[in-house]
Amino acid sequence: MASAKSITVILSPYHLGAKNQAVGAGPTALIDAGLMQAIRSLGVPVHEVELDPVDHFDGEIARLFELLRRTSKAVTQAVDADSFPIIFSGNCSATVGVSAGISASKHLSNGQGTPSCVWFDAHDDYNTPDVLLSGYLDSMPVAMLEGNGWKTLLSSIPGFRPMKLKNDFVHIGLRDVTDVERGRVLEAGFPIVWGDTTKHVDFAAGLREILQDRSLASTMVHVDLDALDISVGQVNKFSALGGLMESDLVECLETISQKAKPVSLTVASYDPSFDKDGRIIPVAIRAVVAFLQSLVSQGLLVPQ
C-alpha cells in the first residue's frame, strides 16, 4: 500500500445509533477539545467526514449495521484516495466496517483477503448472540470480524470478508473477562498480551515479541480507550485495573508503525460522562498525535 498523502477523519458519534449519547458523545468531546487542530499541526492535509444520523432505521441492530455500511464506504473512499483513515467512534464495532472498507479498496479488492488488526481493549468482545447473556450488542465485534454470527447482516456491509483471527489478529490489554470469555478467546487461538492487576506488564515488549513471530501486512489499529488502566482516568463504565499506562499505549502504537504497515486507526468507547476530571481527553490526543508522528517518521504518511 502506497504512503498516505493525507488524513481522513471519519466521525461516528453514535452509541448503537443514538447520537452523542454515552460513548457516542466521545468523538464530539475529543473534537471540541482540539483534536483536529492537534492532527493538523503535523502538516498533513486533513479531510473530515461525519456519518449522517440513522434515526429512520428501526432498532439498535439495524442502526448499528447501517453505520457499519456507511463506515465501510467512507473508509474505501479515503483509502482509494491515498488518505489514511482515522475513525473516531462511539462503539468499537466500527472497526468491522473499517475492515470491510479496506477490503473493498483498490489495495485489497483483488481477493488478497482482509487487513490484519492490533486491538487494544480491556474486554474480549468475542461474543455472539448465542453465548451472550447480557445482550449487549457492542460486545461482539471481534467475533463479527471473524464472521461468527450475524452472517446475513455482515454480508450487507460492502467489502466484508471474514478475518482469520489466529493469523491476523492481536489483542493487547485484555483482562476484564469472565471464565467463560477467557476460555473462548483461548480456544480461538489469537495472540494476547494480557493485562494484570497484580503487576505492571511490559505491553510493548509483549507486542514486539508477537510481531517478530508473525508478519502482519496491512494492519488496522483499534484502540478502545478502556484498554488504559483506570488509574489513568475513567474512560467508561467498564474501565478496569490492570491496563496500559499512557506511555505503554504510545510505545505500543510506535511499535506497530515500525513492525507492521498500519492502514487505519480507530479510537472508540470513550464516555465523557464518566471522565469527571477530564483526564482521558489529553491522553487520547497525545497518543493519536504520537502515532501519526511515528507514521510520518516511517514514511507511511507524507507531510505536505
Side-chain angles (χ1 to χ4, degrees), residues 1-13 27 30-31 33-52 68-89 94-118 120 157-161 168 211 215-223 249-250 252-268 284-304:
M1 190 173 291
S3 298
K5 299 177 178 59
S6 68
I7 294 167
T8 297
V9 172
I10 301 169
L11 300 175
S12 184
L30 289 166
I31 296 300
L35 176 60
M36 294 300 296
Q37 294 94 315
I39 293 174
R40 288 193 171 97
S41 71
L42 297 171
V44 178
V46 179
H47 313 289
E48 187 174 344
V49 176
E50 181 171 329
L51 302 185
D52 290 331
L68 300 186
R69 289 188 283 268
R70 294 181 185 183
T71 300
S72 173
K73 293 175 184 177
V75 168
T76 299
Q77 185 174 3
V79 173
D80 282 349
D82 294 325
S83 189
F84 186 88
I86 306 178
I87 300 83
F88 295 107
S89 174
T95 294
V96 178
V98 177
S99 179
I102 294 170
S103 294
S105 73
K106 64 184 180 182
H107 300 288
L108 288 180
S109 60
N110 61 356
Q112 294 181 23
T114 66
S116 304
C117 183
V118 179
F120 296 83
I157 304 172
F160 178 79
R161 300 179 195 142
D168 295 324
L211 295 181
S215 177
L216 298 186
S218 301
T219 302
M220 303 181 298
V221 180
H222 173 100
V223 179
L249 178 58
V250 169
C252 284
L253 292 173
E254 291 174 343
T255 296
I256 295 168
S257 71
Q258 296 161 5
K259 302 294 184 181
K261 297 177 182 177
V263 292
S264 69
L265 171 65
T266 303
V267 179
I285 292 176
R286 287 193 294 265
V288 169
V289 170
F291 176 61
L292 294 175
Q293 287 174 329
S294 187
L295 294 184
V296 171
S297 69
Q298 294 295 318
L300 301 171
L301 184 60
V302 181
Q304 198 169 33

When you look at NZ of K5, are more than 12 heavy atoms from neighbouring residues, nucleotides or ligands closer to it than 6.0 Å?
-> yes

Pairwise side-chain contact, P303 with V296, heavy-atom cut-off 4.5 Å (strictly under) | yes

Gap separating the CD atom of Q304 from the CG atom of L42, nearest 0.5 angstrom = 12.5 Å

Side-chain heavy atoms of P13 within contact of F88, under 4.5 Å = no

From L216 CG over to M220 CE, what is the distance, rounded to the nearest 0.5 angstrom?
-> 11.0 Å

Residue among V288, T266, L249 satisfying side chain to side chain contact (heavy atoms under 4.5 Å, CB included) with V223 = L249

For G34 and I285 the tightest heavy-atom approach is C-CD1, 4.4 Å

Candidate pair T95 and H222, rule side chain to side chain donor-acceptor pair (under 3.5 Å), full reasoning = CA-CA 7 Å; T95 294; H222 173 100; 2.6 Å; yes

L11 and V49: side chain to side chain contact (heavy atoms under 4.5 Å, CB included), yes or no, with the steps?
-> CA-CA 6 Å; L11 300 175; V49 176; over 6 Å; no

So do P85 and V79 actually touch side chain to side chain, heavy atoms under 4.5 Å?
-> yes

S6 side chain reached by V46 side chain, heavy atoms, under 4.5 Å | no

Quick one: CZ on R69 to CD1 on I157, what's the gap to the nearest 0.5 Å?
-> 7.0 Å

So, for A217 and S116, which heavy atoms are closest and what is the spacing to 0.1 Å?
-> N-OG, 4.1 Å

Supply the atom-to-atom distance Q298 CD to K259 NZ, rounded to the nearest 0.5 angstrom.
-> 9.5 Å

Do you know which two heavy atoms are closest between S297 and S294, and how far apart they sit?
-> OG-O, 2.7 Å

Separation of F84 CZ from I39 CD1 (nearest 0.5 Å) = 10.5 Å

Go through the steps for T76 and S105 under the test side chain to side chain donor-acceptor pair (under 3.5 Å), then give the verdict.
-> CA-CA 5 Å; T76 299; S105 73; over 6 Å; no

Has E50 got more than 12 heavy atoms of other residues, nucleotides or ligands less than 6.0 Å from its CD?
-> yes

Any donor and acceptor pair, going by atom type alone, linking the side chain of S103 with main-chain N or O of S99 inside 3.5 Å?
-> yes

Shortest non-hydrogen contact between V289 and A38, atoms and distance = CG2-CB, 3.8 Å

Report yes if some heavy atom in the side chain of V267 is under 4.5 Å from a heavy atom in the side chain of I87; otherwise report no.
-> no

So, T71 side chain and A94 main chain: donor-acceptor pair closer than 3.5 Å or not?
-> no

Verdict with reasoning, C117 to T219, per side chain to side chain contact (heavy atoms under 4.5 Å, CB included) | CA-CA 5 Å; C117 183; T219 302; 5.7 Å; no

Could you tell me the separation between the CD atom of Q258 and the CG atom of L300, rounded to the nearest 0.5 Å?
-> 10.5 Å

Side chains of F120 and C252 in contact at under 4.5 Å (non-hydrogen atoms) = yes

L253 vs V221, side chain to side chain contact (heavy atoms under 4.5 Å, CB included): CA-CA, chis, key distance, verdict | CA-CA 8 Å; L253 292 173; V221 180; 3.7 Å; yes

Side chain to side chain contact (heavy atoms under 4.5 Å, CB included) between D82 and K106, intermediate numbers included | CA-CA 10 Å; D82 294 325; K106 64 184 180 182; 3.8 Å; yes

Heavy atoms only: give me the nearest S89-P27 pair and the separation to one decimal.
-> C-CG, 3.6 Å

Closest heavy-atom contact between S83 and T8?
-> OG-OG1, 2.7 Å

